[in-house]
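Structure below; questions to follow.
Lettering follows sequence order; numbering is per chain, from 1.
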Amino acid sequence: MTAEPSATESRDFIREQIAGDLASGVHEGVVTRFPPEPNGYLHIGHAKSICLNFGVAQEFGGRCHLRFDDTNPVKEEQEYIDSIQEDVRWLGFDWGDNLFYASDNFETLYTWAEHLIETGNAYVDDLSADEIRAYRGTLTEPGRNSPYRDRTPDENMDLFRRMRAGEFDNGAKVLRAKIDMASGNINLRDPVIYRILHAAHPRTGETWCIYPTYDFAHGQTDAIEHITHSLCTLEFEDHRPLYDWLIEHLPVPSRPRQYEFARLNLTHTVLSKRRLMQLVSEKRVAGWDDPRMPTLSGLRRRGVPPGAIRDFVGRLGIAKTNSTVEMAYLESCMRELLNKTAARRMAVLRPLKVVIENYPEGDGELLEAVNNPEDESAGSRQIPFSREIYIEQEDFMEDPPKKFFRLAPGREVRLRYAYFITCTEVIKDEAGNVVELRATYDAETRGGDSPDGRKVKATLHWVSAAHAIPAEVRLYEHLFDAPDPGAGKDGDFLADINPNSLEVLNDCWLEPALGDTSLDETVQFERLGYFCPDPDGSAAKPVFNRTVGLRDNWARLQAKGQQNG
RNA sequence: UGGGGCGUGGCCAAGUGGUCUAAGGCACCGGUUUUUGGUAUCGGCAUUCGGAGGUUCGAAUCCUCCCGCCCCAGCCA
């Protein structure tokens with residue numbers, strides 16, 4: 001794919017830094033990496049990092065690696081390794097041959113741990129996890145040295161080798177870097193760099209029973225891959241001194257630098273792995289790819305084009321201020337792209353039958369409809385028309401308020417690409433509900449234009465009853481009512497779940513052309529919104545998901561009217 | 001109370017001492033166009049840059065102090 005021009009001319013501080021490093025000769029090229037831990041599915045927050053890392057590499061003619069930060073086998077799974085690759089590719093990025101795993105370097109990392117021991121910069125500690133915590137001090141009080149801190153290099157080496165050999169149980173011992181227990185930066189208070197974990201690793205199996213921690217793996221792996229600019233989020237800012245310390249004290253082949261930017265937060269959803277995991281495991285949603293989820297797989301199933309996500313992330317920019325972006329911004333990016341690319345189709349979600357009494361019984365015809373008014377090359381299609389059609393229930397009102405332009409008794413409206421019709425009769429059931437309409441059509445208005453130039457205030461979408469395909473349509477709203485789930489009372493984000501985030505409509509009718517929609521295509525249902533087929537559907541009964549609705553001024557007007565009484 | 005960051009309109013975000021009585025986008029309000037109450041288009045929307053002092057002919061940009069918010073006490077990443 002090609003790099004897309006950024007919304008603004010200016011560069012963010014990271015691109016500024018890279019451009020400067022290239023100009024001054026500090027680096028001859030740029031190498032970045034996207035380093036997910038395979039312990040969950042990627043979400044739109046990761047998209048920001050993916051677009052940054054791959055985007056920067058493209059813009060400066062460098063490369064970007066996909067590297068799995070797989071240092072904790074108790075949380076990581078092959079399923080996640082697979083889904084992450086699929087999602088990054090779907091988003092539109094290609095790592096070529098540069099697929100790596102931190103675990104590729106376990107042997108090297110082990111060697112470097114021994115190097116630290118030899119140089120007196122690491123020691124084996126027998127303290128328990130609780131004791132280590134107690135010795136660590138607090139945010140305001142310095143820590144105390146472990147009684148095992150002064151073991152000799154020989155003793156440490158022996159113990160560390162026995163740790164690797166599997167002589168000790170989980171948690172019995174750890175390897176710690178010997179830095180400064182009094183540091184104001186807690187990451188420097190002798191951080192644990194190796195722990196005993198008798199657990200099978202998705203890549204290395206049973207080979208290891210000790211695993212490096214994030215801090216001992218990340219920077220070194222960057223160095224091994226010759227990463228020039230290691231981009232991560234703000235919470236790692238105070239890990240940078242440790243990152244640098246390790247680079248300085250180890251015989252690494254290159255000297256990468258870490259830069260931090262603010263992670264993405266979005267209103268009306270959650271983006272923490274813990275919470276997403278909880279939604280899935282407690283079955284609050286149908287799975288990681290539930291269309292209401294902010295995961296890339298969820299957005300994909302919802303019909304959001306990857307280009308809309310790239311555009312969104314690009315427009316936000318990169319900075320260091322914590323920010324929460326309104327969901328409306330994302331939705332706006334979806335609409336903007338989809339408006340230009342999505343094929344127009346007609347579908348009736350809540351059908352109301354209309355019988356056109358002066359249209360010959362048994363007759364029918366094909367009418368031409370434009371596929372996309374924004375894109376002439378999309379061509380046109382034929383839509384069947386006949387005596388009985390369905391229109392949207394909300395497009396008719398028996399006793400309309402002044403601003404309602406749609407169908408009403410005695411009123412004439414246009415059926416898109418078809419004819420002008422006039423409502424002549426309202427048929428109700430015993431309960432008084434409108435169940436059917438009678439109408440007449442003007443044969444002179446075929447295609448939707450009146451030869452006498454008379455105007456009509458509304459154009460309705462419709463579907464021929466005899467030709468329509470029955471379908472299920474799923475309407476989605478924000479997964480959470482609250483802009484910031486869990487911000488209220490007890491911090492219980494589940495309490496903010498929107499009980500109406502999914503509405504299933506079972507009696508929908510689609511124009512015939514919709515039967516050919518491919519699974520990865522998002523179309524516009526005219527006047528309603530953008531929709532895409534869901535894999536749950538079948539040829540006989542397709543299922544469509546609403547990606548995002550069209551902007552709806554009428555709905556807004558109504559809402560205002562209700563507000564004002 | 002230790003360390004590290006950040007504070008520009010409702011939400012993002014440019015701005016790196018004069019061209020800033022502060023760009024752009026989203027949202028919002030209003031007009032025009034329209035066979036989608038969609039799209040497009042036009043106009044409106046911060047005399048002010050967390051606050052107070054100071055330096056300077058001149059500050060959102062430099063200095064000082066203050067205030068607010070975020071992150072860190074996993075053998076998670």
Side-chain angles (χ1 to χ4, degrees), chain A residues 7-10 12 16 35-37 39 69 71-72 74-75 125 127-129 132-134 136-143 170-176 182-189 191-197 210-211 213-215 217-218 232-241 260 262 267 273-274 312 315-333 335-336 339-340 344 346 369-370 373-374 403-406 414-418 420 445 447-449 456-461 483 524-529 549-557:
Chain A
T8 57
E9 295 281 323
S10 59
D12 54 72
E16 205 70 67
E37 182 191 12
N39 67 345
D69 236 335
T71 56
N72 185 0
V74 319
K75 289 189 175 177
D125 197 344
L127 254 27
S128 69
I132 287 181
R133 187 179 315 122
R136 187 153 34 223
T138 68
L139 293 179
T140 54
E141 300 156 18
N170 286 356
K173 289 179 171 21
V174 292
L175 183 68
R176 296 228 254 168
S183 173
N185 183 340
I186 290 177
N187 292 301
L188 262 20
R189 318 240 265 228
V192 171
I193 57 177
Y194 260 94
R195 69 295 212 188
I196 299 170
L197 249 29
I210 58 172
Y211 292 91
T213 56
Y214 163 84
D215 286 307
H218 201 99
C232 63
T233 43
L234 254 27
E235 67 269 28
F236 292 101
E237 217 152 11
D238 48 19
H239 286 245
R240 180 157 26 101
E260 311 86 11
T267 62
K273 277 189 185 177
R274 196 205 107 234
F312 171 64
R315 289 208 225 181
L316 300 179
I318 301 294
K320 300 193 72 158
T321 29
N322 286 313
S323 63
T324 302
V325 178
E326 291 173 340
M327 187 66 86
Y329 206 162
L330 207 210
E331 292 171 346
S332 165
C333 292
R335 291 194 191 98
E336 184 175 314
N339 174 52
K340 290 181 223 149
R344 270 56 170 179
M346 290 202 283
V370 168
E374 307 290 322
K403 292 201 169 172
F404 184 87
F405 303 149
R406 281 108 96 145
R414 170 169 41 234
L415 294 178
R416 177 140 237 226
Y417 299 123
F420 283 12
T445 57
D449 283 308
V456 99
K457 292 196 84 173
T459 299
L460 309 187
H461 61 274
Q524 182 190 104
F525 287 179
E526 293 225 27
R527 303 209 306 135
L528 297 174
L550 251 27
R551 232 171 238 113
D552 188 347
N553 264 310
W554 169 238
R556 223 176 291 181
L557 255 181

Exercise. When rounded to the nearest Å, what value does the distance between C1' atoms of G3(B) and U8(B) take?
Worked result: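 Taking atom C1' in both G3(B) and U8(B), they lie 27 Å apart.
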Problem set entry | All side chain to side chain contact (heavy atoms under 4.5 Å, CB included) counterparts of D215(A), not counting sequence neighbours |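 Partners of D215(A) under the side chain to side chain contact (heavy atoms under 4.5 Å, CB included) test: T213(A), H239(A), L242(A).
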For this session: Using side chain to side chain contact (heavy atoms under 4.5 Å, CB included) as the criterion, list what pairs up with T321(A), not counting sequence neighbours.
Result: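 With sequence neighbours excluded, T321(A) shows a side chain to side chain contact (heavy atoms under 4.5 Å, CB included) to A319(A), given in chain and number order.
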Seminar exercise, completed: In B/S/- notation (B base, S sugar-phosphate only, - none; protein heavy atoms under 4.0 Å), nucleotides 69-77 of chain B written 5' to 3' is -SBBBSBSB
Problem set entry | For C69(B), the Watson-Crick or wobble partner whose two distances fall under 3.5 Å |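 Paired with C69(B), as far as the under-3.5 Å criterion goes, is G5(B).
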Problem set entry | Nucleotide nearest E237(A) when distance is taken to its side chain, options G37(B), A14(B), G4(B) |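 Of all the options, the side chain of E237(A) is nearest to G4(B).
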For this session: Examine W554(A) together with F404(A) and report whether their ring centres are nearer than 6.0 Å.
Result: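 Between W554(A) and F404(A), the centre distance is under 6.0 Å.
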Exercise. Do the charged groups of E331(A) and R551(A) touch, with an N to O distance under 4.0 Å?
Worked result: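 Judged by the 4.0 Å cut-off on N to carboxylate O distance, E331(A) and R551(A) do not form a salt bridge.
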Problem set entry | Identity of whatever pairs with C26(B) - Watson-Crick or G-U, under 3.5 angstrom |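 Across all strands, the one nucleotide that pairs with C26(B) is G10(B).
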For this session: Just compare G2(B), A13(B), G37(B) and give me whichever is closest to any side-chain atom of R527(A).
Result: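 Between G2(B), A13(B), G37(B), the one nearest the side chain of R527(A) would be G37(B).
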Exercise. Using purine N1 to pyrimidine N3 plus N6-O4 or O6-N4 for Watson-Crick, or N1-O2 and O6-N3 for G-U wobble, both under 3.5 Å, which nucleotide pairs with C62(B)?
Worked result: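 G54(B) is the nucleotide pairing with C62(B).
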Exercise. Are the side chains of R195(A) and Y211(A) in touch, meaning some heavy atoms are under 4.5 Å apart?
Worked result: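 Side-chain contact under 4.5 Å: yes.
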For this session: Provide the Watson-Crick or G-U wobble partner of U41(B), both distances under 3.5 Å; none if there is no partner.
Result: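 When the pairing criteria are applied, G31(B) turns out to be the nucleotide that pairs with U41(B).
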Problem set entry | Qualifying residues under side chain to side chain contact (heavy atoms under 4.5 Å, CB included), relative to D449(A), sequence neighbours excluded |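 By the side chain to side chain contact (heavy atoms under 4.5 Å, CB included) rule, D449(A) matches no residue at all.
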For this session: State plainly whether the residues R240(A) and E260(A) are in salt-bridge range, i.e. N to O under 4.0 Å.
Result: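 Yes, charged N to carboxylate O under 4.0 Å.
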Could you write out each protein N or O paired with an N or O of nucleotides 26-28 of chain B at a distance under 3.5 Å?
unit_1, atom_1, unit_2, atom_2, d
C26(B), O3', S332(A), OG, 3.4
A27(B), OP1, R551(A), NH2, 2.7
C28(B), OP1, R556(A), NH1, 3.4

For this session: Can you sort out the partners of T138(A) under side chain to side chain contact (heavy atoms under 4.5 Å, CB included), two or more places apart, ordered by chain and number?
Result: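 Only T140(A), E141(A) meet the side chain to side chain contact (heavy atoms under 4.5 Å, CB included) criterion with T138(A).
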